[in-house]
Peer 1: 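Have a look at this one.
Source: prediction; values computed, not measured. Whatever order the structure lists them in is the order used to number ligands and atoms, beginning at 1. Note that the numbering runs from 1 along the sequence shown for the chain.
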Amino acid sequence: MSSNEIVLKAQGLYKVFGPKPDAAIKKIQGGAPRDKIGANNTAAVIDASFEVQRGEIFVVMGLSGSGKSTLIRMLNGLWEPTAGTVDILGDTLTGVSARKLRNIRETRVSMVFQQFALLPHRSVLDNVAYGLEIRKMPRAQRIERARKYISMVGLDGWEDKYPKELSGGMQQRVGLARALAADTDVLLMDEAFSALDPLIRREMQEQLIELQSELDKTIIFITHDLNEAMFIGDRIAVMRDGRIVQIGTPEEILTDPANEYVSQFVQDVDRARVLTASAVMQPPAALMQLPGGPRKALRIMREQQTSACFVVDRHRKLLGAVTDREALSLLRRGEESLTDHLSEAAQTTPDTLLAELFIPAVESVLPLAVVDERGRLQGVVPRVVLLAALGGEHEAGVNAQPIPPALAPSVVEDALSADSGPDVKPVSTASTVQPQEEDN
Ligand SMILES: Nc1ncnc2c1ncn2[C@@H]1O[C@H](COP(=O)(O)OP(=O)(O)OP(=O)(O)O)[C@@H](O)[C@H]1O
Ligand SMILES: [Mg+2]
């Protein structure tokens with residue numbers, strides 16, 4: 001998300017199908033359940049309100065019949081809401097003339113459909129340029145623009161082929177290129193990847209995210225697939241029986257479901273692809289700030305009952321780590337400083353997905369160090385915490401035991417008392433590293 005500009009705003013949207021929609025809304029507002037609003041009335045969308053920012057992928061997720069398609073059809077002006085309003089960049093879609101509405105739809109909103117909806121007798125190039133032709137863009141210009149987006153979705157060289165010569169994934173890329181070429185403020189995608197094979201589908205999701213990072217579009221993406229929602233959504237609105245029951249980031253929905261329904265829903269989600277290092281990291285068990293030598297490191301590790309100590313500079317920038325064995329051997333050699341003797345600590349960034357931490361975690365003896373863009377230590381991810389988080393235990397706050405000391409206490413005591421330097425207190429981990437936010 002790159003700005004706070006609100007591109008699309010829905011306020012109190014209702015859509016009731018049937019003979020008495022207004023009366024049905026009154027009943028709902030009076031507290032009537034959805035199935036007690038008159039025999040032939042269906043409340044497809046009930047009181048939906050949300051805002052979508054420029055550059056955001058806003059996912060609407062819910063089971064079949066929960067009202068997703070009805071909602072999206074109100075957002076692109078195809079259906080007039082029974083109540084409530086839709087604004088796109090300050091233009092209200094509701095209650096405007098047919099001509100104005102058509103204009104808004106052409107310039108402000110484009111759609112990508114589940115069934116691709118390509119014109120069979122037109123080439124890829126002409127399919128992508130079609131909307132521009134309708135808008136009477138001169139031929140040379142629209143061809144140029146179509147080529148640009150065809151290339152962007154990875155279909156260079158396929159411009160002259162016809163839809164039936166393309167695989168499903170490629171056809172959907174054409175659909176996407178066509179929608180992007182329209183250069184509208186909002187891109188609506190209704191189950192756009194649902195007809196694709198799982199592997200192709202994953203590829204398309206990745207491509208969408210990649211394109212998004214370049215194009216900074218405002219995308220509303222409908223899906224009933226939770227993993228897809230979690231993977232591509234900046235925020236997700238969960239719908240149930242016509243109502244939006246929760247809006248939040250994938251992480252919020254997973255770690256703080258608004259109700260039992262959402263919590264049941266997210267039970268089987270692939271957490272490794274949703275949760276990031278920042279959601280599970282902890283303060284390091286032992287942390288030391290330079291200047292300081294092996295003696296100080298050893299004392300801190302003794303105090304914290306652990307065999308490894310992360311080392312930072314005055315600005316909390318991570319310099320490396322030292323184990324109790326290493327510190328002991330440095331101390332015995334009479335080394336005064338740790339600076340040139342630190343081992344490298346495996347690093348990751350706060351927004352790295354847990355799925356990407358497995359291999360580094362297995363390869364590293366130490367917990368993974370989580371550093372920000374300036375190299376400052378934010379926290380660490382011990383292997384057990386990584387595993388526990390995937391089982392859904394991070395809500396309860398798994399506390400990793402520090403890695404037990406490798407050295408017998410007496411060995412450390414002897415080494416420390418052999419040469420009596422000034423005693424140094426360990427740096428308090430809590431005050432040096434921001435602890436993970438947790439409400440317990
Ligand atoms: N034109 C219509 N006339 C009457 N009822 C409709 C109409 N369109 C949708 N509905 C009803 O509104 C409710 C919501 O339907 P909608 O198509 O929006 O759900 P959805 O979440 O998109 O489902 P799916 O995942 O199956 O596409 C359903 O009960 C549906 O039967
Ligand atoms: Mg639908």
Peer 1: Under a 4.0 Å N-O cut-off, is there an ion pair linking Arg73 with Asp190?
Peer 2: no
Peer 1: Within a radius of less than 6.0 Å around CD of Glu206, do more than 12 heavy atoms belonging to other residues, nucleotides or ligands occur?
Peer 2: yes
Peer 1: Geometry only, no angles: is His224 polar-contacting ligand 1 at N/O separations under 3.5 Å?
Peer 2: no
Peer 1: Under 4.0 Å, heavy-atom basis, I'd like to know which part of Leu71 is in contact with ligand 1: side chain, backbone, both or neither.
Peer 2: neither
Peer 1: Would you please test Arg376 and Asp372 for salt bridge (charged side-chain N to carboxylate O under 4.0 Å, His left out) and show each step?
Peer 2: CA-CA 5 Å; Arg376 290 175 307 194; Asp372 67 10; 2.8 Å; yes
Peer 1: Could you check atom 26 (O) of ligand 1 against the protein and tell me its nearest heavy-atom contact, residue, atom and distance included?
Peer 2: Ser64 OG, 2.5 Å
Peer 1: Taking both backbone and side-chain atoms of Gly65, is any N or O found less than 3.5 Å from an N or O belonging to ligand 1?
Peer 2: yes
Peer 1: Does any N/O atom on Trp79 come nearer than 3.5 Å to any N/O atom on ligand 1?
Peer 2: no
Peer 1: Nearest protein heavy-atom contact for atom 27 (O) of ligand 1: which residue, which atom, what distance?
Peer 2: Ser69 OG, 3.9 Å
Peer 1: Using every non-hydrogen atom in the two residues, find where Val262 and Ile253 come nearest and quote the distance to one decimal.
Peer 2: CG1-CG2, 3.8 Å
Peer 1: Among all protein heavy atoms, pick the one closest to atom 9 (C) of ligand 1 and tell me residue, atom and distance.
Peer 2: Phe17 CE1, 3.6 Å
Peer 1: Of the protein's non-hydrogen atoms, which lies at the shortest distance from atom 11 (C) of ligand 1, and what is that distance?
Peer 2: Thr42 CG2, 3.9 Å
Peer 1: Applying a strict 4.0 Å limit to heavy atoms, is Gly67 in contact with ligand 1?
Peer 2: yes
Peer 1: Give the residue and atom name of whichever protein heavy atom lies nearest to atom 16 (P) of ligand 1, and the separation in Å to one decimal.
Peer 2: Thr70 OG1, 3.5 Å
Peer 1: Short list, please: which atoms of ligand 1 are under 4.0 Å from a heavy atom of Ser66?
Peer 2: 19 (O), 21 (O)
Peer 1: Would a 4.0 Å cut-off, counted as strictly less than, catch a protein heavy atom around atom 31 (O) of ligand 1?
Peer 2: no
Peer 1: With a 4.0 Å cut-off on heavy atoms, is Leu63 touching ligand 1?
Peer 2: yes
Peer 1: Backbone N or O of Pro138 within a donor-acceptor pair of the Glu133 side chain at under 3.5 Å?
Peer 2: no
Peer 1: Where is the nearest protein heavy atom to atom 12 (O) of ligand 1: which residue, which atom, and how far?
Peer 2: Ala44 CB, 3.2 Å
Peer 1: Hey, is there an N, O or S on Ser69 sitting under 2.8 Å from the Mg ion (ligand 2)?
Peer 2: yes
Peer 1: Between CD of Glu214 and CG of Leu180, what distance do you get to the nearest 0.5 Å?
Peer 2: 10.5 Å
Peer 1: Tell me if the CG atom of Asn40 is crowded by more than 12 foreign heavy atoms within 6.0 Å.
Peer 2: no
Peer 1: Taking atom 25 (O) of ligand 1 as the point of reference, which of Gln114, Lys68, Met74 owns the nearest heavy atom?
Peer 2: Lys68
Peer 1: About how many Å separate CG of Leu196 and CZ of Arg173, when rounded to the nearest 0.5 Å?
Peer 2: 9.0 Å
Peer 1: Within the 4.5 Å heavy-atom criterion, are Glu228 and Val59 side-chain neighbours or not?
Peer 2: no
Peer 1: Report the C-alpha separation of Asp126 and Arg142 in whole Å, then their side-chain angles, then the decisive distance to 0.1 Å, and conclude whether the salt bridge (charged side-chain N to carboxylate O under 4.0 Å, His left out) test is met.
Peer 2: CA-CA 9 Å; Asp126 288 339; Arg142 66 177 191 253; over 6 Å; no
